[in-house]
Amino acid sequence: MSFFEVIDPVFQTYVLGNAPVKRIAAGFDWVEGPVWFGDAGHLLFSDIPNNRIMRWTPDGVTTYRAPSNYANGHTRDRQGRLISCEHGTRRVTRTEWDGSITVIAGQFEGKRLNSPNDVIVSRDGAIWFSDPHYGIMTDYEGFKSEQELPCAVYRVDPDGTIDKVIDDMACPNGLAFSPDESLLYVADTGRMFGSDPQHIRAYVMKNGRPSEGRVFHTIQPGCADGFRVDEDGNLWSSAADGVHCIAPEGHLMGKILVPELVSNLCFGGRAKHQLFITATTSVYSVILNRKGLQWP
């Protein structure tokens, strides 16, 4: 059985023929938001419809937090604290070291956010998150509710100031910076119950703000949901048939084939060369000959 599809010969050097794609956890309904805690040796991920955050270690899977307010995407800030997007409460939160929860963002200009989806942190400590409407359109991943704001991407400065920085997408989703943070990649997965374009856009960063957005790559089959960048600037994106590796120039280099619809992924493991993949009901893992940009 082949676990990989090579399109650009360079991709052959990124994967290892004797490193299989393994299912390391199963039995969930829709998994999302993987984030690696190297200092603790575990992976956290969301099982959104079941309203819980799970913890994986090589010894097995346990529940990290339940209820989780229908948490979706996660990352870590520059101090290593967990940052989470919560559909149920329509907010972005930080878990402090003592376990208490701090609200990072819940409103903009006096109106409630939709359902924060994915989140990243830039080197200056700013928190960037996407706010599509997926979590409020049905009761499956949160609570069906009225949409008060257009779908957008927001930046929260270290002083707590919230700015809307991207508003020209149907439904922004996954986020990632290039290694030097000169580009911001954002997935547009299209409106629920709609037929909007679905692609990854790249924005040039100027004075800490994105500008000059352009279509960087269109995933086929399926669409880009979550993605991460490796140390050389290759973008590893979710897709309907697995994980697609996209070169910094925008062309498809190869695929990691996964038997379920992939939602998101992250790098981690001993040398940040292990790719953790959330895919519908399961979590998969594969060792690569690549290292991801992952903090810490």
Side-chain angles (χ1 to χ4, degrees), residues 32-36 45-46 71-78 82-87 91-94 104-105 108 113-135 150-157 162-190 198-206 208-219 223-230 233-239 243-244 246 248 250 262-267 278 292-295:
E32 252 282 10
V35 57
W36 175 252
F45 61 93
S46 297
N72 186 336
H74 306 280
T75 192
R76 301 183 74 180
D77 68 9
R78 305 310 291 180
L82 177 68
I83 307 294
S84 302
C85 294
E86 299 178 359
H87 284 181
R91 66 186 188 178
V92 179
T93 63
R94 180 177 65 232
I104 301 298
F108 180 71
L113 298 174
N114 298 315
S115 51
N117 187 291
D118 208 349
V119 60
I120 57 176
V121 177
S122 51
R123 290 188 185 125
D124 62 2
I127 296 170
W128 302 67
F129 67 92
S130 58
D131 187 38
H133 61 204
Y134 299 128
C151 300
V153 174
Y154 296 90
R155 170 190 162 114
V156 185
D157 288 333
I162 304 175
D163 291 321
K164 182 167 60 176
V165 293
I166 296 175
D167 60 3
D168 61 349
M169 286 188 159
C171 273
N173 200 321
L175 307 164
F177 281 110
S178 62
D180 61 1
E181 296 193 358
S182 64
L183 294 174
L184 173 65
Y185 299 104
V186 185
D188 190 343
T189 42
Q198 299 177 341
H199 49 235
I200 301 170
R201 298 185 69 180
Y203 292 82
V204 177
M205 294 296 296
K206 293 184 177 180
R209 296 295 187 271
S211 62
E212 303 173 21
R214 61 179 172 85
V215 174
F216 169 72
H217 184 84
T218 299
I219 295 290
C223 60
D225 190 338
F227 44 69
R228 293 293 184 270
V229 173
D230 69 24
N234 301 298
L235 189 129
W236 299 75
S237 174
S238 57
V243 175
H244 292 191
I246 305 158
V262 174
S263 62
N264 214 329
L265 52 105
C266 76
F267 286 92
T278 51
L293 294 179
Q294 178 77 31
W295 173 260

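Using a 3.5 Å distance cut-off with no hydrogens or angles, the side chains of Ser122 and Glu181 do not pair a donor with an acceptor.
Here Arg94 contributes atom CZ and Ser84 contributes atom OG; the two are 11.5 Å apart, rounded to the nearest 0.5 Å. Of the inter-residue distances, the one linking Leu235 atom CG with Ser178 atom OG reads 10.0 Å to the nearest 0.5 angstrom. Put simply, OH on Tyr203 and CG on Leu184 are 8.0 Å apart, with the number rounded to the nearest 0.5 Å. Note that CG of Asn72 is 7.5 Å distant from CG of Asp225, once rounded to the nearest 0.5 Å. Here the straight-line distance linking atom NE2 of His217 with atom NE2 of His199 works out to 12.0 Å at 0.5 Å rounding. Rounded to the nearest 0.5 angstrom, Ile246 CD1 and Asn234 CG are separated by 9.5 Å.
The nearest pair of heavy atoms linking Ser263 to Ser238 is O-OG, 3.6 Å. Smallest separation of non-hydrogen atoms from Arg228 and Leu175: NH1-O, 4.3 Å. Nearest heavy-atom pair across Cys85 and Pro116 is CB-O, 3.1 Å. Of all heavy-atom pairs spanning Asn114 and His133, the tightest one is CB-CA, 4.1 Å. Taking all atoms of both residues into account, the shortest heavy-atom contact from Ser46 to His74 is OG-NE2, 2.7 Å. The shortest heavy-atom contact between Arg76 and Trp36 is CD-O, 3.6 Å.
Asp180 contributes a side-chain N or O that, together with a main-chain N or O of Ser182, makes up a donor-acceptor pair within less than 3.5 Å. Of the possible donor and acceptor atoms, one in the side chain of Asp188 sits under 3.5 Å from a partner among the backbone N and O of Cys171. With hydrogens and angles disregarded, no donor-acceptor distance shorter than 3.5 Å links the side chain of Glu32 to the backbone of Gly73.
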(request) Quick one: do Arg209 and Asp163 satisfy side chain to side chain contact (heavy atoms under 4.5 Å, CB included)? Show the steps, please. (result) CA-CA 10 Å; Arg209 296 295 187 271; Asp163 291 321; 3.0 Å; yes
(request) Could you walk me through whether Tyr154 and Val92 pass the side chain to side chain contact (heavy atoms under 4.5 Å, CB included) test, one step at a time? (result) CA-CA 11 Å; Tyr154 296 90; Val92 179; over 6 Å; no
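In this structure, the side chains of Pro150 and Asp167 stay at 4.5 Å or more apart for every pair of heavy atoms. Using a 4.5 Å heavy-atom cutoff, the side chains of Thr189 and Pro132 are not in contact. Asp168 is listed as a side-chain neighbour of Arg201, based on a closest heavy-atom distance under 4.5 Å.
For residues 116-131, the set of pairs meeting the salt bridge (Lys or Arg N to Asp or Glu O under 4.0 Å) definition, not counting sequence neighbours, comprises Asp124-Arg155.
Tested against Phe129 for a side chain to side chain contact (heavy atoms under 4.5 Å, CB included), the candidates Ile104, Ile83, Val156, Ile120 yield a single pass: Val156.
By the 30° and 60° cut-offs, the orientation of the rings of Tyr185 relative to Phe216 is tilted.
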